[in-house]
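Everything below concerns the one structure shown next.
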Amino acid sequence: MEEELKCPVCGSLFREPIILPCSHNVCLPCARTIAVQTPDGEQHLPQPLLLSRGSGLPAGAAATPSLEHDAAAGPACSGAGGSAAGGLGGGAGGGGDHADKLSLYSETDSGYGSYTPSLKSPNGVRVLPMVPAPPGSSAAAARGAACSSLSSSSSSITCPQCHRSASLDHRGLRGFQRNRLLEAIVQRYQQGRGAVPGASAAAAVAICQLCDRTPPEPAATLCEQCDVLYCAACQLKCHPSRGPFAKHRLVQPPPPPAPAEAASGPTGAAQGAPSGGSGCKSPGGAGAGATGGSTARKFPTCPEHEMENYSMYCVSCRTPVCYLCLEEGRHAKHEVKPLGAMWKQHKAQLSQALNGVSDKAKEAKEFLVQLKNILQQIQENGLDYEACLVAQCDALVDALTRQKAKLLTKVTKEREHKLKMVWDQINHCTLKLRQSTGLMEYCLEVIKENDPSGFLQISDALIKRVQVSQEQWVKGALEPKVSAEFDLTLDSEPLLQAIHQLDFIQMKCRVPPVPLLQLEKCCTRNNSVTLAWRMPPFTHSPVDGYILELDDGAGGQFREVYVGKETLCTIDGLHFNSTYNARVKAFNSSGVGPYSKTVVLQTSDVAWFTFDPNSGHRDIILSNDNQTATCSSYDDRVVLGTAAFSKGVHYWELHVDRYDNHPDPAFGVARASVVKDMMLGKDDKAWAMYVDNNRSWFMHCNSHTNRTEGGVCKGATVGVLLDLNKHTLTFFINGQQQGPTAFSHVDGVFMPALSLNRNVQVTLHTGLEVPTNLGRPKLSGN
């Protein structure tokens, strides 16, 4: 509760709280700091404006007597404001030069304004700039000058919570009611925590509230109207006994209560209750002594009649009033009720509201328990998942280590194989080289001999041996059989990418729960239905999308009409006067969830539609909310309706508003792809009746049939009856069927259609029941 008892400006417990027009509270000392003077250029407002704003009188009411009375009864310079004379320097005329100044008083009598000062306190609240002290004067005198300036000029105060500005009237801050109930609660709260801060000092001696000395001087005077303690010096400087302060009552400061009085309880409060006013006990004063504060709790008095207690409650202004307010004040003609009865009624209302808040608080406590359980589960699950992650990563590392050992073994085997091949080739080549070298040395020695016969004896054999030795060095014998390079390539890139992309997937993912249809948002309009749904609260399963299904309007099979992530869907082009069943389900990567409950939707019995500006020819001119059509061209142009029909019986009428020079307008139905720059019915996409002032014809595929006598003129009404149950199209003029049934075997989807030129203007009438008193058909001419 402590946060409710703290001032939003200073952050401390409330001291002398006042109630702002926005119902928020602020300390009276803090209110003095955030009150803002209107700049000099805006101070001289017209008298009627100030009176209508400050006293609630009409702007044209007489001002002088009221001003003299208010100036005489104005509060002191403690921030409550003083004489209103300084704020009425302007003339009574409200000329155009005051137009920009009126923005400070928006909403007329509400007192809320929009003036924004430039200075702000550290808490972000607007602050009144201090008035510089004259040379040689003390700080107390400077503070008094600031208070006098505030009371004598137009000022405003901005609520630090909702930032709404309220204009101060001639009473200044004293025009706001003192919240003594909150003050008593603060005192009880302080006593519940222990001794009231500063109570011992207050019990010893009352100190001046405006003194700038350290320590402050003892208080010598208390102003009952201002409720401010002054020392002798500050009383002379800030509250002189002249001018608007002459009628203020100055008394001795109240003596500190004895310890027995502080604990006296309700008895002491009852003994100290004033007997002024109407004599009706104020409910706010009952049990005032229970506060146990340093002084007995005072009964609240009327701010306009300081000596009178509240006795009634003004229902119109929602404020307590005294009997003088009812006799001579602005509450004379207002509805009033007894204060005690309204007190009990409002207490009952507050108790009832508290029951609702209590239920919500209980739910909030249960929700907090649930959240704390979730916190514990998160901690436990987090540890489990961490252990699982470490185990999975360790398994990956072990598998990689094992694979590494296998690959190293392969590399070792390949290296040993290559080494063996090279050593074998070295040994073989070394042996052959030694044999060839010995043979060459022997042959050289034989060539050195000079014995021809001996040489010839062995020369053939030596030549063969040399040739055989040369043939042993065949091609490739002097090339290495293996390469020094290893033909092993490890492709680790896919694995590295897989490691880099290694991430969590949705663990323990479940299918989504049943969606909840929001019946308050489901509706029908003409032949379209709109459905809305949402997921239940505290749904932990992810949702990738929804599937909306609708039957055929006749109890048939469901079919999918929407798949997506939206939770609101409108389906157009349904049958009129049909009952549809709809259901929805959600899906995610784990599968499709269960269906929702089925909702039943009924389309309109009759069609409400207008001409469609998007489908009409560019020469068509629409007005009257697209219900009236004409054309800017002498040639016939086509415009369609916004509805499409495929089932049921539908009837609409077109009223001829203007008919000049005997044109041939055509009425009927068409497909959406009908040609729009020629008369309706000349192509195979339209079925129409065109008519002049004497006769009519039916036309389809440029074929003219069933000429019938009787035409149209200004004021005539043409009716179109499309019966898709019997697949027929019939026309009427002024309630009489025009010719036989115009077309049979009409099947498919049709839209109302019209073709006309600039000599015709018609107005569409829809939402009509099929008439039962239509006349018999006129006989056709051929």
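The chain is numbered in sequence order, starting from 1. Since the model is a prediction, treat every value here as computed from it, not as a measurement.
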Exercise. Does the side chain of His334 come within less than 4.5 Å of Cys317's, by heavy atoms?
Worked result: yes

For this session: Please list all pairs passing the salt bridge (charged side-chain N to carboxylate O under 4.0 Å, His left out) test where one or both residues lie in residues 342-358, with sequence neighbours left out.
Result: none

Exercise. Under the side chain to side chain contact (heavy atoms under 4.5 Å, CB included) criterion, do Thr221 and Val251 qualify, and how do the steps go?
Worked result: CA-CA 6 Å; Thr221 303; Val251 297; over 6 Å; no

Seminar exercise, completed: Residue set satisfying side-chain contact (heavy atoms from CB on, under 4.5 Å) with Ser358, at least two apart, ordered chain then number -> none

For this session: Taking all heavy atoms of Gly11 and all of Lys6, pick out the closest pair and write down the distance.
Result: O-CD, 3.4 Å

Problem set entry | Heavy-atom side-chain proximity of Pro320 to Trp343 below 4.5 angstrom | no

Problem set entry | Non-hydrogen side-chain atoms of Lys521 and Trp533 separated by less than 4.5 Å | no

For this session: Taking the side chain as every heavy atom from C-beta outward, state whether Pro160 and Ile34 have any atom pair closer than 4.5 Å.
Result: yes

Seminar exercise, completed: Sorted by chain and number, sequence neighbours left out, side-chain contact (heavy atoms from CB on, under 4.5 Å) with Glu4 holds for none

For this session: For Cys231 and Cys208, work out which heavy atoms get closest and say how close.
Result: N-SG, 3.2 Å

Seminar exercise, completed: Correct closest heavy-atom pair for Arg15 and Pro29 would be O-CD, 3.7 Å

For this session: Mind checking the CZ-CG spacing from Arg249 to Leu222? Nearest 0.5 Å is all I need.
Result: 10.0 Å

For this session: Check the angle between the aromatic planes of His239 and Phe245 and answer parallel, tilted or perpendicular using the 30° and 60° thresholds.
Result: parallel

For this session: Mind checking the CG-CG spacing from Leu350 to Leu354? Nearest 0.5 Å is all I need.
Result: 4.5 Å

Which side-chain N or O atoms in residues 361-374 pair as donor and acceptor under 3.5 Å with protein atoms at least two apart or in another chain?
{"from": "Asn373", "atom 1": "ND2", "to": "Val369", "atom 2": "O", "distance (Å)": "3.2"}

Seminar exercise, completed: To the nearest 0.5 Å, atom CG of Leu516 lies from atom CG of Leu519 at 10.0 Å

Exercise. Within a radius of less than 6.0 Å around CD of Gln352, do more than 12 heavy atoms belonging to other residues, nucleotides or ligands occur?
Worked result: no

Exercise. Is there a side-chain contact between His331 and Thr319, using heavy atoms and a 4.5 Å cut-off?
Worked result: yes

For this session: Return yes if some donor-acceptor pair links the side-chain N/O of Gln209 with the main-chain N/O of Leu229 below 3.5 Å, else return no.
Result: yes

Problem set entry | Full working for side chain to side chain contact (heavy atoms under 4.5 Å, CB included) between Asn179 and Ile18 | CA-CA 5 Å; Asn179 195 340; Ile18 61 174; over 6 Å; no

For this session: Grab the two heavy atoms, one from Phe176 and one from Ile19, that are nearest each other, plus how far apart they are.
Result: CB-O, 3.5 Å

Problem set entry | Inter-residue atom distance Arg180.CZ - Leu182.CG, 0.5 Å rounding | 12.0 Å

Exercise. Between SG of Cys159 and CD of Gln161, what distance do you get to the nearest 0.5 Å?
Worked result: 5.5 Å

Exercise. So do the side chains of Leu339 and Met312 get within less than 4.5 Å of each other, counting heavy atoms only?
Worked result: no

For this session: Evaluate side chain to side chain contact (heavy atoms under 4.5 Å, CB included) for Arg534 paired with Thr567, printing each intermediate quantity in order.
Result: CA-CA 6 Å; Arg534 62 179 177 86; Thr567 58; 5.8 Å; no

Exercise. Is a side-chain donor-acceptor pair under 3.5 Å present for Ser165 with Thr158?
Worked result: yes

For this session: Taking side-chain contact (heavy atoms from CB on, under 4.5 Å) as the test, write out the residues that go with Lys337, two or more places apart.
Result: Val315, Glu335, Met342

Exercise. What heavy-atom pair brings Ala232 and Ala220 nearest, and what distance separates the two atoms?
Worked result: N-CB, 4.0 Å

Problem set entry | Gap between atom CZ of Arg164 and atom OG of Ser23 - 0.5 Å precision | 9.0 Å

Problem set entry | Student check: side-chain heavy atoms of Tyr230 and Leu210 closer than 4.5 Å | yes

Problem set entry | Working for side chain to side chain contact (heavy atoms under 4.5 Å, CB included), residues Ile185 and Phe14 | CA-CA 10 Å; Ile185 295 174; Phe14 280 106; over 6 Å; no

For this session: Would you please name every residue forming a side-chain contact (heavy atoms from CB on, under 4.5 Å) with Pro218, sequence neighbours left out?
Result: Val205

Exercise. Are the side chains of Leu13 and Gln190 in touch, meaning some heavy atoms are under 4.5 Å apart?
Worked result: yes

